[in-house]
Amino acid sequence: MSTALIVGLLVGGCTGNGQTDQAASSGAGVSNAMPEAPAAGVDTAQGAAEGKDTPAQAPDLSVDQRSIIYRGSLSVRVQDVNAAASQTSGIVQTAGGYVGGDNRSSGGSGADTATMELRVPAAKFTAFVDQLAKQLSGTEEQRQISTEDVTEQTVDLDARITVQQARVDSGRRLLAQAKSLNDLVMLEKEVATRESDLASLQAKKRHLADLTALSTITVTLLGPQAAVLKADDGPAGFLGGLAGGWKALVSSLAVVLTVLGAVLPWVLAIGVPALLVWWLIRRARPGKPALVPAGPPATVQKADGPDQG
């Protein structure tokens, strides 16, 4: 019985992984944000658990059913930044959203700025941007809107969650039938791993759902004298790399010259006198006697005399 449980668990894990990859590659079996999607997903998961082939159902990918992330930015020059920020908070709350971030800086003499991150329902995104630009008593200077279609990621996550949930349920059923301590420990570890994978997939799905349900709008409020900060994208490719390298070289030379300028006065004030003192001391030392190179030993010549031999 214990061996059958372990073998069944391993086979179920391999089958679940195969079904997950197949569902992820085809994107079938689960519809995005449709009422009938859970029922279809449950049927697919039950078929995978029972080892039966189930016909794939194409998800509804019409325009009104797609998962799209909306992002926007709006720059408005106003007379009173704080008053405009308070007005913006009221407008976003009326639209059913909230202020996700509020960063204000005081520049003085009309140079105040405020950057606010607003979260509003995606269905009201376009209307809200237009309403905000009209109701703020100022001049709109910049508007940028971008979209990202994450329908495929959403469908993929739905399919993987459905299959992983079936794997967790099968593991729990086998865990309830464990007879020995070793089988119980092994099954608990496997079930915990499956539950962790399921929780990770569900967290990704919640993150995508939050991004698609609530759009993000960054509003920049500028005082009458505040400067507009623009991103310097620059050219791409070889020219972009060349420009970046030249800027890095100029910056490095500026740092080197700055350090040299800071050190040079100390070198002149300390190094030059120290060098002069060392030179004077060297000259004041007595000279060493010259060494005469040693020659070959002198040859002693005997005086000529009578041969005493």
Side-chain angles (χ1 to χ4, degrees), residues 1-69 119 121-122 148-214 216:
M1 181 63 180
S2 302
T3 306
L5 288 175
I6 301 301
V7 172
L9 179 62
L10 296 178
V11 172
C14 296
T15 304
N17 289 331
Q19 293 292 338
T20 301
D21 297 338
Q22 182 179 3
S25 61
S26 62
V30 180
S31 175
N32 176 37
M34 293 295 291
E36 62 272 20
V42 171
D43 294 340
T44 304
Q46 291 178 352
E50 297 175 0
K52 298 179 180 179
D53 294 334
T54 56
Q57 298 181 1
D60 184 4
L61 298 182
S62 56
V63 176
D64 57 341
Q65 296 297 332
R66 301 191 72 86
S67 299
I68 300 177
I69 300 176
R119 303 296 306 277
E148 180 183 359
D149 192 344
V150 293
T151 305
E152 293 184 0
Q153 293 93 315
T154 303
V155 173
D156 174 71
L157 281 175
D158 287 339
R160 295 171 63 186
I161 288 174
T162 302
V163 175
Q164 189 66 21
Q165 182 65 60
R167 295 184 63 216
V168 171
D169 295 339
S170 65
R172 290 173 178 172
R173 288 193 297 267
L174 293 175
L175 180 61
Q177 301 174 9
K179 300 300 183 180
S180 65
L181 180 60
N182 292 334
D183 293 344
L184 181 63
V185 172
M186 183 177 297
L187 289 171
E188 284 182 345
K189 182 179 179 180
E190 178 64 22
V191 170
T193 301
R194 295 183 178 186
E195 290 178 343
S196 176
D197 295 340
L198 177 61
S200 177
L201 293 174
Q202 291 174 341
K204 293 179 181 179
K205 177 62 184 298
R206 286 193 300 269
H207 179 65
L208 271 182
D210 176 71
L211 293 177
T212 55
L214 294 175
T216 303

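All values below were derived from every heavy atom in this structure, side-chain atoms included, with hydrogens, water molecules and symmetry-related copies excluded.
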| request: Please name all residues satisfying salt bridge (Lys or Arg N to Asp or Glu O under 4.0 Å) with Arg206, sequence neighbours left out, ordered by chain then number. | output: none

| task | Hey, could you give me the CD/OG1 distance between Glu188 and Thr193, rounded to the nearest 0.5 Å? | result | 11.5 Å

| query | Out of curiosity, Gln153 CD to Leu157 CG, how far, rounded to the nearest 0.5 Å? | reply | 8.0 Å

| query | Who pairs with Glu152 by side-chain contact (heavy atoms from CB on, under 4.5 Å), at least two apart in sequence or on another chain? | reply | none

| request: Any chance you could lay out the salt bridge (charged side-chain N to carboxylate O under 4.0 Å, His left out) test for Asp183 and Lys179, step after step, and finish with the verdict? | output: CA-CA 7 Å; Asp183 293 344; Lys179 300 300 183 180; over 6 Å; no

| field | Nearest-0.5 Å distance, CG of residue Leu174 to CG of residue Leu184 | value | 12.5 Å

| field | Heavy-atom pair with the smallest gap, counting every atom of Arg194 and Ser170 | value | NH1-OG, 3.3 Å

| said: What's the separation between atom CD1 in Ile161 and atom CG in Asp156, rounded to the nearest 0.5 Å? | reply: 9.5 Å

| task | Find the distance between CD (Glu148) and CG (Leu211) and round it off to the nearest 0.5 Å. | result | 8.5 Å

| field | Residues that Asp149 engages under salt bridge (Lys or Arg N to Asp or Glu O under 4.0 Å), provided they are two or more places apart | value | Arg66

| field | Heavy-atom closest pair, residues Leu201 and Gln164 | value | CD1-CB, 4.1 Å

| request: Of all the heavy-atom pairs spanning Thr212 and Ala122, show the shortest one and how long it is. | output: O-CB, 3.2 Å

| note | Output for pair (Ser200 OG, Glu195 CD), nearest 0.5 Å, gives 13.5 Å

| query | Lys189 versus Val185: any side-chain heavy-atom pair under 4.5 Å? | reply | no

| So, does Thr162 use its side chain to make a donor-acceptor pair with the main chain of Asp158 at under 3.5 Å? | yes

| task | Please check if the side chain of Thr216 supplies one atom and the backbone of Arg119 the other of a donor-acceptor pair under 3.5 Å. | result | no

| request: Compare every heavy atom of Leu187 with every heavy atom of Ala178, then report the nearest pair and how far apart it is. | output: CB-CD1, 3.8 Å

